[in-house]
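Side chains are part of it too, since the values below use all heavy atoms of this structure and drop only hydrogens, waters and symmetry mates. Proteins get letters first, then strands, A, B, ... in listed order; numbering begins at 1 in each.
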Protein chains: 2
Amino acid sequence: MRVSEIGEFGLIRLLCREFGIEYPPPAGQTPRSGLLVDIGDDALAMAPHSGATVWTTDTLVAGMHFLPGRTSWRNTGWKAIAVNVSDIAAMGAMPAFALVTLCLPSDFCVEDAIELYRGMKECCDSYAVRLGGGDIVRSPVFAVTVALSGLAAPDADGKTALLSRRAARPGDVVAVSGALGDSAGGLELLQSGAGPDDESRSRLIEAHERPRPRVDVGRRAAELDIRCGMDVSDGLVQDLGHIVNASKVCIRIDAGRVPLSQELRRTYGEKAIDLALTGGEDYQLLLCGRRALFERLVVEGLDLTIIGEVIEGQPRLEVIGPDGREMAFGAGGWDHFRSGEP
Amino acid sequence: MRVSEIGEFGLIRLLCREFGIEYPPPAGQTPRSGLLVDIGDDALAMAPHSGATVWTTDTLVAGMHFLPGRTSWRNTGWKAIAVNVSDIAAMGAMPAFALVTLCLPSDFCVEDAIELYRGMKECCDSYAVRLGGGDIVRSPVFAVTVALSGLAAPDADGKTALLSRRAARPGDVVAVSGALGDSAGGLELLQSGAGPDDESRSRLIEAHERPRPRVDVGRRAAELDIRCGMDVSDGLVQDLGHIVNASKVCIRIDAGRVPLSQELRRTYGEKAIDLALTGGEDYQLLLCGRRALFERLVVEGLDLTIIGEVIEGQPRLEVIGPDGREMAFGAGGWDHFRSGEP
């Protein structure tokens with residue numbers, strides 16, 4: 001069935017149902033907790049709360065960020081939510097409400113839209129995100145834009161605990177969660193047409209298609225008074241560059257300490273480290289703070305690895321290779337308008 | 001110059017400059033008032049405040065919501081902000097921060113993007129909206145999505161004063177701000193290729209291209225304890241239907257009382273009332289509440305007109321025509337996927 005056959009409101013009704021929401025909302029229904037005005041009005045109204053509200057938006061465009069024939073609509077839905085959850089995690093906050101804008105061709109299949117929403121629902125359920133409304137418009141090309149709000153709790157002193165890119169200080173160590181490069185490895189497999197032939201490959205593809213943002217790490221880091229963090233979305237080297245520029249610090253990284261998964265090593269061998277250094281979309285967190293705090297987080301069971309230090313000196317990034325010499329990287333990194341491949 | 005020539009970050013830098021924002025933000029710069037973390041991080045962080053946060057999103061797609069050859073980029077920028085401001089006004093709140101997502105073809109002109117941002121800036125300045133970041137992505141088709149936050153102040157009792165579609169009650173009168181139909185009249189002139197030959201026509205076209213949402217009306221209504229409101233975006237009849245359904249009330253409107261501008265009457269004669277009843281995008285406010293409250297608002301100088309009543313009975317809308325008989329309307333109204341014309 002085509003979207004044009006059921007119209008905008010028919011589609012909204014179907015998609016809300018995937019989230020267990022009756023649309024239009026029945027008269028007399030009270031708003032969900034945390035809301036003063038729920039879906040179905042001109043805007044969503046969130047009840048006052050004592051912490052800060054954080055707020056981000058990110059878009060996936062068909063043919064640019066994913067290829068519809070190669071990635072399922074369900075995984076696209078997951079990722080549309082996940083990339084935004086990662087930005088909220090990178091602030092040390094908890095995700096809350098998502099506004100979803102769908103740009104749909106009028107011959108778009110209703111069944112595909114439902115699959116997309118199922119993927120979104122799976123990710124929302126994993127991260128306690130609730131659907132807060134949005135907009136559905138006709139467009140020659142499919143795109144999904146999510147605007148996601150999050151809440152940052154005040155700390156014991158009543159101050160809001162947040163992570164930012166601007167808070168790295170000499171003396172800090174640099175740590176990263178999980179392993180890096182898996183998503184880039186998975187993308188390369190997808191692009192080469194290689195299927196998920198073995199368990200390693202299928203894990204890498206899953207890392208690319210269904211990334212798992214680190215709300216757990218961001219929140220615990222913020223609670224422990226770590227103040228500098230961001231997510232690894234453009235690639236480790238480029239993202240470290242953002243911290244260098246925002247904090248005006250010098251960062252030295254030991255490439256040999258960058259965590260690599262068994263699956264990436266097994267599939268890519270020596271190339272694994274390149275994928276980990278420059279590949280994007282891992283959606284792990286990059287943090288800078290006092291060494292003792294990270295040691296404490298590791299004892300608590302978080303998968304954090306110290307990969308370098310923030311040192312005195314002019315703002316720059318030094319990546320020390322396995323041979324003890326500084327590695328060189330181009331000015332590059334991901335740029336939507338200069339890179340050709342989705 | 002094409003966007004591909006300066007890249008994503010070069011473009012962000014240029015567009016932020018239009019808003020007087022240095023990007024990337026210099027180290028040590030303190031966030032703007034109301035913010036804990038400003039543009040240039042993973043997400044925007046708004047400081048805690050005592051009222052509710054409202055939140056909406058709306059999109060304009062080239063060829064669907066406007067025709068690039070017919071509408072200037074500056075006016076498109078104005079409208080992209082204005083349609084969202086109107087949703088915030090419809091809640092009785094004050095707009096605050098905008099996240100802007102641009103979907104741009106890589107051969108898009110940088111100069112057009114700057115014009116777009118100039119129009120956005122003009123509208124933001126008119127309504128005290130501040131740019132809060134966003135996303136720029138490559139796309140085969142131009143689209144601009146704005147997610148806008150707003151703040152609703154608590155009233156004297158500490159309760160949040162908001163307007164919603166669900167609060168109409170029998171005994172209320174129905175009032176509308178400004179005049180209706182001008183935007184639809186302007187659109188028809190644009191579609192027919194008629195230029196702004198005289199002052200009336202140019203006023204109608206301006207009403208369509210640079211709508212002026214009624215934050216003043218929404219806010220004052222909410223302060224006065226009027227509880228039901230929405231903006232007129234889909235057309236009066238369709239939007240009244242939303243209130244009928246959300247509040248489960250019967251509404252009777254007198255078509256002869258619907259306010260029409262001189263310009264609309266002069267240009268369209270007898271057809272003016274049809275444009276006012278079914279034409280969309282006026283972005284005036286529709287309110288239901290006690291008659292005495294509206295009389296007070298009129299005395300204060302607000303341009304409100306009482307056009308009907310909320311009465312006891314099954315949920316339905318009755319529009320009484322000039323001949324005293326009920327007018328008939330199709331099930332229609334604007335549907336993105338069923339209507340052919342932008």
**Prompt:** What pair of heavy atoms forms the shortest contact from B/Ala52 to A/Pro48, and how long is it?
**Reply:** N-CG, 3.9 Å
**Fill in**
Bottom line for B/Thr59: the part with an atom under 4.5 Å from chain A's heavy atoms is both
**Request:** Select, from B/Ser149, B/Ala62, B/Ser50, B/Pro154, the one with the greatest count of heavy-atom pairs under 4.5 Å involving chain A.
**Result:** B/Ser149
**Prompt:** Side chain, backbone, both or neither: which part of A/Phe108 has a heavy atom under 4.5 Å from chain B?
**Reply:** neither
**Asked** For A/Met91, is it the side chain, the backbone, both or neither that has a heavy atom under 4.5 Å from a heavy atom of chain B?
**Response** side chain
**Item:** Part of A/Thr101 lying under 4.5 Å from any heavy atom of chain B
**Value:** side chain
**Prompt:** Looking at side-chain heavy atoms only, is the closest gap between B/Val137 and A/Met64 below 4.5 Å?
**Reply:** no
**Prompt:** Between A/Ala89, A/Pro25, A/Gly133, A/Ser247, which has the largest tally of heavy atom pairs under 4.5 Å with chain B?
**Reply:** A/Pro25
**Prompt:** So which part of B/Leu148 gets closer than 4.5 Å to some heavy atom of chain A, the side chain, the backbone, both or neither?
**Reply:** backbone
**Request:** Give a yes or no on whether the backbone of A/His65 and the side-chain of B/Arg138 come within a donor-acceptor separation of less than 3.5 Å.
**Result:** no
**All pairs passing salt bridge (Lys or Arg N to Asp or Glu O under 4.0 Å) where residues 23-33 of chain B contributes a residue, at least two apart** = B/Arg32-B/Asp38
**Message:** With chain A as the partner, which of B/Val54, B/Leu35, B/Thr53 has the greatest number of non-hydrogen pairs under 4.5 Å?
**Reply:** B/Thr53
**Side chain, backbone, both or neither of A/Thr145 within contact of chain B (heavy atoms, under 4.5 Å)** = side chain
**Residue pair B/Gly134 / A/Thr57: nearest heavy atoms and the distance that separates them** = CA-CG2, 3.8 Å
**Side chain / backbone / both / neither for A/Leu44 at chain B, heavy atoms under 4.5 Å** = both
**Prompt:** Is a side-chain donor or acceptor of B/Thr56 paired with a backbone partner of A/Asp42 at a separation under 3.5 angstrom?
**Reply:** yes
**Request:** Under 4.5 Å heavy-atom distance to chain B, tell me which part of A/Val61 shows up: side chain, backbone, both or neither.
**Result:** side chain
**Message:** Please classify the contact between A/Ala246 and chain B as side chain, backbone, both or neither, with a heavy-atom cut-off of under 4.5 Å.
**Reply:** backbone
**Request:** Determine the minimum heavy-atom distance between A/Ala147 and B/Trp55, stating which atoms define it.
**Result:** O-CH2, 3.3 Å
**Prompt:** Given that the side chain runs from C-beta out, which part of A/His242 has a heavy atom under 4.5 Å from chain B: side chain, backbone, both or neither?
**Reply:** side chain
**Item:** Heavy atoms of other groups near A/Arg219 CZ, more than 12 under 6.0 Å
**Value:** no
**Item:** Winner by heavy-atom pair count (cut-off under 4.5 Å) against chain B, out of A/Met46, A/Lys248, A/Met230
**Value:** A/Met46
**Message:** Tell me which of these, A/Leu99, A/Leu60, A/Val141, has more heavy-atom pairs under 4.5 Å with chain B than the rest.
**Reply:** A/Leu99
**Asked** So, does B/Arg166 use its side chain to make a donor-acceptor pair with the main chain of A/Asp41 at under 3.5 Å?
**Response** no
**Asked** Which pairs with one or both residues in residues 93-107 of chain A pass salt bridge (Lys or Arg N to Asp or Glu O under 4.0 Å), sequence neighbours excluded?
**Response** none
**Message:** By the definition side-chain contact (heavy atoms from CB on, under 4.5 Å), identify the one residue from A/Val83, A/Asp87, A/Asp58 that meets it with B/Asp135.
**Reply:** A/Asp58
**Fill in**
Note: vs chain A, highest number of non-hydrogen pairs under 4.5 angstrom among B/Ala93, B/Ala47, B/Pro140 is B/Pro140
**Item:** Option in A/His49, A/Arg2, A/Gln29 with maximal non-hydrogen atom pairs under 4.5 Å from chain B
**Value:** A/Gln29
**Asked** Tell me, side chain or backbone of A/Ser86 under 4.5 Å from chain B's heavy atoms, or both, or neither?
**Response** neither
**Asked** By a 4.5 Å heavy-atom criterion (distance strictly below it), what part of A/Pro24 contacts chain B: side chain, backbone, both, or neither?
**Response** neither
